Amino acid sequence: MTVTVNGMPASVDGSTFSILDVPLVLGPNLLQVEAIDGAGNARQKEIEVVRRPAAGDQLRWISGQGQSATIGESLPHPLVVRLVGESGSGLPNRTVFFEVTSGSGSLIAGKRRLAVTTDLAGNAATPWTLGSSAGKAIHRVTVTAPGARGRLLAVADAEPGPPARLFLDSGDQQTGIAGQRLPEPLVVAVTDAGFNRLSNASVRFTVIKGGGALALSGDPAPSGTELQILSNTRGLAAVELHVEDAENIAGNAVRVDLPGVPEAGFVTFSASAKFAGLPANTAVSGLVLDNSNQPVPGVAVSVTGSRSSTTTDNAGYFRLDGVPAEPLHLHFDGSTSSREGLWPHLEFELTPIPGRNNDLGMPVYMVQLDEDRYLEVDETSGGVLELAEIPGFALEVAPGSVTFPDGSRAGRIAVTAVHHDKVPMVPNFGQQPRFVITIQPAGAIFDPPAKMSLPNVDGLGAGERTEMYSFDHDLGRFVTIGPGLVSEDRTRIVSAEGFGVLKAGWHCGGDPAADGTPHDCSSCRTCDGSVCVAACSAGAGLQESLGCRCPEGAEDRCRFNYRCVNGVCVSDEVKIMDLDGPCAAEVGDPVSFTVMSNHPPKTRWIALGGSPPAGTSLPIQTSWSEPGEKSVTAFCTNSMTQTIEIFESCGNLQTDYDVEEFNRNPTGGAMGEVFRAGIRGEFGGCFSGGKWCPHLEKAIERVGWGIDPSAFTPVTGAYDPVVTAATCEQIIEDLTPVQWNDPYPQGAPAPPATQYDVPDLIVRHERFHMSDYRGKVLFELGPEFTKYLQRIGVCSNCPANWPKAQLDSWLKEVIVTLEQDYYNGEHEKRAFEDGNPEYLSLVNAIRARARLEDNTWDACE
């Protein structure tokens with residue numbers, strides 16, 4: 001893939017590109033972007049950018065732009081900006097906001113939005129730790145400042161990490177002709193810890209069961225029982241398996257791992273083998289069920305390009321005889337069903353065993369479509385389709401963007417939620433999606449793509465980048481339709497700008513599952529966790545004689561006690577009766593919840609943002625790395641949710657301090673003064689010793705300060721007009737520090753300033769007092785508050801309203817106590833010692849000027 005911007009080449013990495021230093025003139029600028037893929041397909045887009053002349057306060061880059069680092073690591077250098085006024089001088093003591101606006105990275109202390117006060121030069125800085133997604137310029141930080149025009153955008157490139165994860169992509173659970181090559185290759189995907197696909201990773205395939213042999217794709221003959229190959233540019237590694245020359249059920253197995261990376265684990269492929277018969281006797285059979293495992297009768301089943309067709313019976317069973325002994329395209333037309341409601345079209349690819357009845361091995365799940373909720377679209381109108389019972393889902397369709405199967409541009413778009421473990425097609429890339437929807441009608445095409453939002457049921461982090469997937473009927477598999485970005489509130493995954501739904505069909509999103517158990521169970525048995533259990537209580541022969549077709553290999557995880565009743569496979573629903581756990585815990589601590597259920601082993605749960613975020617263990621145990629209100633949901637056919645408040649550890653917290661300043665004239669006779677008008681505290685919660693406690697999050701002091709310009713004659717520098725031969729002697733005397741006596745027994749050297757003084761140094765003197773006070777008094781509040789809590793014992797097992805009035809009263813009392821030690825005269829000594837070098841510097845400058853003047857300045861040298 002190559003990308004150019006106004007003819008200049010951009011740096012491309014996968015699906016992202018970046019280019020810096022594009023020249024812009026004042027006024028409108030047209031940027032022409034062209035992308036050309038390896039096959040020569042080109043796409044162009046034009047963007048207008050307006051460059052305006054600089055005016056008012058502005059932010060400027062000092063350093064840190066355009067860096068790169070490995071995912072999850074900090075950039076080598078911090079981001080540094082300068083806030084300047086119209087004169088170009090830096091503006092000190094102003095607030096600059098840094099905010100991560102793309103990617104799951106963070107700034108100081110894991111924050112995604114940070115307020116930084118500029119220093120004396122007007123500079124503000126922050127380190128930046130990149131998130132988990134690799135790519136060009138996909139990590140971004142926006143910099144703004146109140147009152148400043150415009151904003152700055154920092155972009156960074158993220159390099160992928162080392163190989164860390166291995167996922168089964170496709171090719172599992174195949175059945176092939178004994179002694180021959182399987183119809184499809186065995187494909188795995190290699191990623192780093194952030195699920196970024198890695199090329200050139202070493203992958204090892206090993207036959208561990210059966211007498212099969214491996215071959216590289218395209219090789220006419222197998223190479224042996226072990227092959228080590230490199231992953232391709234999409235992170236995929238594929239081999240082909242010749243199964244053993246014997247009929248078996250799951251009698252062939254291949255283990256795949258990453259040599260030298262044991263923490264990546266391994267995946268296992270299993271395959272069955274059957275002897276071929278007479279091609280004329282080839283048949284295909286299976287079951288069509290709905291989301292509740294109920295039969296869908298009357299569905300028309302056919303083979304594209306063949307006269308073979310039939311309909312499902314009252315049990316949802318079908319059989320096609322005399323089908324071609326070659327790769328088949330099966331079509332299921334739900335519109336012919338005798339059941340009420342609207343049913344979709346489904347399509348499957350199948351390579352049959354010649355001369356045998358090829359059972360599909362799992363039911364064809366056909367979801368009943370929602371007829372009552374739809375979106376009318378045409379050439380001039382579009383809209384947003386939402387599902388009230390699924391917060392976070394939305395499909396945004398632009399006017400004139402849909403072409404329906406009959407070629408028209410007007411019609412209805414409908415969306416229906418699909419039971420996540422009854423997706424009609426198996427997702428690739430290790431996907432085990434918890435939220436799946438179908439967009440109908442089948443065959444509708446969206447151009448431009450329809451923007452899609454999915455609920456973040458996997459608990460991905462804010463700003464995290466993941467993939468969205470769609471089942472492509474032309475390819476017969478799930479394919480990526482582009483990236484999705486997790487919203488800042490972590491409730492939604494929203495398709496990135498320019499990406500979205502391209503074709504109607506089944507859609508999902510999220511990262512692949514970190515673990516799973518490959519199915520390796522015999523006929524009429526199914527996987528329950530890592531154990532094979534009976535799918536029906538009746539024996540295989542009885543099941544066949546009764547026509548009972550249990551969902552072999554894909555038993556509904558929310559049903560149990562499968563049994564044959566009058567030739568139909570029935571079961572009981574798993575019900576959740578109660579969920580119990582603590583209401584508060586500390587960040588990082590494991591938390592356990594217990595579940596009451598009529599079949600506990602099948603209970604599943606989701607802990608949004610937790611680690612692990614989901615599971616099936618009992619009791620449920622997870623932990624959270626960030627504070628806030630969290631929730632745990634146990635579910636199967638019904639669900640129950642309990643909330644828990646996660647607090648930071650009291651021992652890890654530091655109290656923040658703010659000062660709110662306002663102008664105030666000093667009292668009579670004072671040239672400058674600082675006056676504290678009050679102090680207040682903001683209290684939150686934390687965890688200590690297994691109990692919830694209040695925490696002083698922030699102490700805010702309100703301070704008035706000012707100087708009295710009428711109390712002295714101001715001197716601004718050695719060449720100030722007030723400095724003359726007649727006045728310089730008195731000015732030097734007034735600005736030269738001397739040893740003070742009463743009323744300052746500490747003997748602080750300070751200028752007497754009887755007639756003259758320097759306004760800027762008086763300002764500096766008073767501001768030193770404010771900073772010194774915060775360092776000597778306010779920063780003692782945190783430890784003092786901890787002692788106070790230990791003394792009064794207000795911690796409790798669960799959050800409750802803390803005694804705020806009592807805490808506010810304590811804050812005022814402790815400030816009075818701390819101030820008694822502060823205002824001892826030494827505070828003035830420290831202030832004068834801070835400013836006296838500037839006074840002496842000005843005195844020396846006046847004397848230097850006197851030496852340059854004529855003899856009338858002799859007295860001032």
Side-chain angles (χ1 to χ4, degrees), residues 13-15 68-74 103-105 129-135 138-139 157-172 185-209 212-217 223-241 252-271 427-432 458 460-461 464-467 480 510-520 530 611-615 625:
D13 182 7
S15 61
S68 65
T70 303
I71 61 166
E73 295 185 356
S74 296
S104 57
T129 300
L130 299 183
S132 59
S133 299
I138 62 174
H139 294 270
D157 298 341
E159 302 295 334
R165 301 178 187 271
L166 183 67
F167 299 102
L168 193 156
D169 186 78
S170 63
D172 191 26
L186 313 183
V187 185
V188 295
V190 184
T191 76
D192 60 13
F195 301 106
N196 302 289
R197 300 187 183 221
L198 300 179
S199 60
N200 295 316
S202 182
V203 182
R204 179 169 56 199
F205 294 78
T206 307
V207 175
I208 60 172
K209 183 179 181 182
L214 302 169
L216 295 175
S217 296
S223 305
T225 57
E226 182 175 310
L227 278 178
Q228 192 163 319
I229 62 175
L230 298 178
S231 58
N232 64 16
T233 56
R234 293 187 296 134
L236 301 178
V239 301
E240 296 182 346
L241 175 65
N252 299 265
V254 174
R255 173 181 166 134
V256 190
D257 65 348
L258 303 180
V261 192
E263 61 272 18
F266 63 90
V267 298
T268 304
F269 293 86
S270 67
N428 301 86
F429 191 32
Q431 287 285 301
Q432 295 181 21
D458 291 316
L460 303 180
E464 198 163 339
R465 190 182 182 96
T466 186
E467 293 294 325
T480 178
D511 290 335
D515 53 23
T517 301
H519 168 71
D520 188 14
S530 60
S611 179
S625 60

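Fair warning: this is a prediction, and the values are worked out from it, not measured in the lab. Note: hydrogens, waters and symmetry copies are ignored here, and every other heavy atom, side chains too, is used. Count residues from 1 along the sequence.
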About how many Å separate [atom2] of [Y] and [atom1] of [X], when rounded to the nearest 0.5 Å?
X    : Y    : atom1 : atom2 : answer
D169 : L236 : CG    : CG    : 5.0 Å
I208 : F266 : CD1   : CZ    : 7.5 Å
T129 : E73  : OG1   : CD    : 9.5 Å
N196 : E159 : CG    : CD    : 10.5 Å
S104 : H139 : OG    : NE2   : 6.5 Å
L130 : S74  : CG    : OG    : 8.0 Å

**Request:** Measure across D192 and A164 and return the closest heavy-atom pair with its distance rounded to 0.1 Å.
**Result:**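 Looks like C-CB, 3.8 Å.
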task: Measure across G235 and R197 and return the closest heavy-atom pair with its distance rounded to 0.1 Å.
output: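 That closest heavy-atom pairing would be CA-CB, 4.0 Å.
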Side chain to side chain contact (heavy atoms under 4.5 Å, CB included) between S270 and D172: does it pass, once the steps are laid out? CA-CA 6 Å; S270 67; D172 191 26; 3.8 Å; yes
**Asked** Does a side-chain heavy-atom distance below 4.5 Å link T466 with F195?
**Response**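 They are not in side-chain contact.
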Exercise. Could you tell me whether the side chain of S202 reaches within less than 4.5 Å of the side chain of L230, counting heavy atoms only?
Key: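 Of all side-chain heavy-atom pairs linking S202 with L230, at least one is under 4.5 Å.
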inquiry  = With side chain to side chain contact (heavy atoms under 4.5 Å, CB included) as the criterion, how do V203 and L258 come out once you've worked through the C-alpha distance, each side chain's angles and the decisive distance to 0.1 Å?
reply    = CA-CA 5 Å; V203 182; L258 303 180; 3.8 Å; yes
Original post:
S231 side chain to N200 main-chain N or O, any donor-acceptor pair under 3.5 Å?
Top reply: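 Indeed, once roles are kept as given, a pair shorter than 3.5 Å links the two residues.
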| Test log, rule side chain to side chain contact (heavy atoms under 4.5 Å, CB included), inputs L241 and V207 | CA-CA 9 Å; L241 175 65; V207 175; 4.3 Å; yes
